[in-house]
2 protein chains.
Amino acid sequence: MEHNHNDILNRVRHEMPTDELLCDLSDLFKIFGDTTRLKIMYSLLEGELCVCAVAELLGMTQSAISHQLKILKDAKLVGNRRDGKTIYYFLLDEHVRDIVAEGFEHLLEER
Amino acid sequence: MEHNHNDILNRVRHEMPTDELLCDLSDLFKIFGDTTRLKIMYSLLEGELCVCAVAELLGMTQSAISHQLKILKDAKLVGNRRDGKTIYYFLLDEHVRDIVAEGFEHLLEER
DNA sequence: CGTTCATATGAATATCTATTCATATGTTAG
DNA sequence: CTAACATATGAATAGATATTCATATGAACG
């Protein structure tokens with residue numbers, strides 16, 4: 001019993017990712033943990049959009065959207081390209097779709 | 001061009017989940033957005049553990065772990081059972097594994 | 001029943017973060 | 001070069017949240 005208990009603890013300790021990896025992982029999920037950013041990512045699922053289009057779409061200020069886009073870009077979840085004065089943002093990673101989908105599945109199962 | 005733009009906006013508006021669903025989704029990801037909770041979930045991947053075992057494993061106080069376990073339980077990510085004085089926690093949802101795995105894939109691709 | 005052990009919980013605090021406001025950067029048109 | 005427009009960004013603020021501390025609950029055991 002006691003042996004079994006320590007056995008599990010040792011196995012868990014062994015399988016546990018490094019703190020650095022866990023920080024990276026939680027930082028990634030933090031990004032998905034905000035409705036504004038989720039909405040932005042959803043918007044970009046259909047195709048690239050400029051900052052002002054996203055702002056109009058979500059009914060938020062250009063500044064707020066710009067700040068959030070920077071966070072998404074730093075996380076390499078979105079990229080952008082310039083066309084004259086306007087800057088278009090687009091999703092960089094197919095995993096965005098998958099991560100969100102997994103989240104939904106939990107919500108559905110939860111009822 | 002202008003037509004095309006509005007076209008996209010309308011499509012996006014149409015595909016956007018309700019605010020309630022987006023809040024539920026961001027609340028779920030918020031839970032994954034914390035290293036302590038990630039560590040707890042990782043620990044429970046191997047099997048059920050009592051509160052004090054988790055606390056010992058993570059080198060944190062019983063109180064801190066208990067607070068976090070409550071959050072995980074409210075989100076229906078873990079369940080618990082009592083055996084005498086000790087209470088064992090376990091993962092409730094296979095999606096935990098999948099969600100974490102998706103997160104990792106993004107990190108790896110990010111290089 | 002009273003003590004001990006495992007866990008839960010409320011309040012307080014310190015830290016983090018999303019938005020706002022003001023302003024800066026950078027591009028195009030005239 | 002200057003005005004107008006799109007976007008970025010720094011500082012400040014308000015709200016959220018993880019941990020701590022003190023204490024409560026609840027079970028087992030003598």
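Excluded from the calculations below are hydrogen atoms, water molecules and symmetry mates; all remaining heavy atoms, backbone and side chain alike, are included. Every chain is numbered from 1 and lettered A, B, ... according to where its sequence line falls, protein lines coming before strand lines.
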(request) Would you list the pairs meeting salt bridge (charged side-chain N to carboxylate O under 4.0 Å, His left out) in which at least one residue belongs to residues 20-33 of chain B, sequence neighbours left out? (result)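 Listed once each, the pairs are B:Asp27-B:Lys30.
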
(message) Tell me every residue that passes ring-ring contact (aromatic ring centres under 6.0 Å, His included) with B:Tyr89, counting only those two or more places apart in sequence or in another chain.
(response)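 Here no residue qualifies.
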
Table of protein N/O atoms under 3.5 Å from nucleotides 5-9 of chain C N/O atoms:
| from | atom 1 | to | atom 2 | distance (Å) |
| --- | --- | --- | --- | --- |
| C:dT7 | OP1 | B:Val51 | N | 3.2 |
| C:dT7 | OP1 | B:Ile87 | N | 3.2 |
| C:dT7 | OP1 | B:Ile87 | O | 3.4 |
| C:dT7 | OP2 | B:Cys52 | N | 3.0 |
| C:dA8 | OP1 | B:Tyr89 | OH | 2.5 |
| C:dA8 | OP2 | B:Ser66 | OG | 2.7 |
| C:dA8 | N7 | B:Gln62 | NE2 | 2.9 |
| C:dT9 | O4 | B:Ser63 | OG | 2.6 |

Between side-chain atoms of residues 60-70 of chain B and protein atoms elsewhere (two or more places apart, or another chain), which donor-acceptor pairs fall under 3.5 Å?
| from | atom 1 | to | atom 2 | distance (Å) |
| --- | --- | --- | --- | --- |
| B:Thr61 | OG1 | B:Ala64 | N | 3.1 |
| B:Gln68 | OE1 | B:Arg37 | NH1 | 2.7 |
| B:Lys70 | NZ | B:Asp74 | OD2 | 3.2 |

(message) Which residues in residues 26-38 of chain B have a heavy atom closer than 4.0 Å to any atom of DNA chain C?
(response)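 The stretch gives none, as no residue of it lies under 4.0 Å from the strand.
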
Please enumerate all residues that pass side chain to side chain donor-acceptor pair (under 3.5 Å) together with [X], with sequence neighbours excluded.
{"X": "A:Glu105", "answer": "B:His95"}
{"X": "A:Glu102", "answer": "none"}
{"X": "B:Asp98", "answer": "none"}

(message) According to ring-ring contact (aromatic ring centres under 6.0 Å, His included), does anything in residues 12-64 of chain A pair up with another residue at least two apart or in another chain? List the pairs.
(response)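 Found A:Phe29-B:Phe32, A:Phe32-B:Phe29.
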
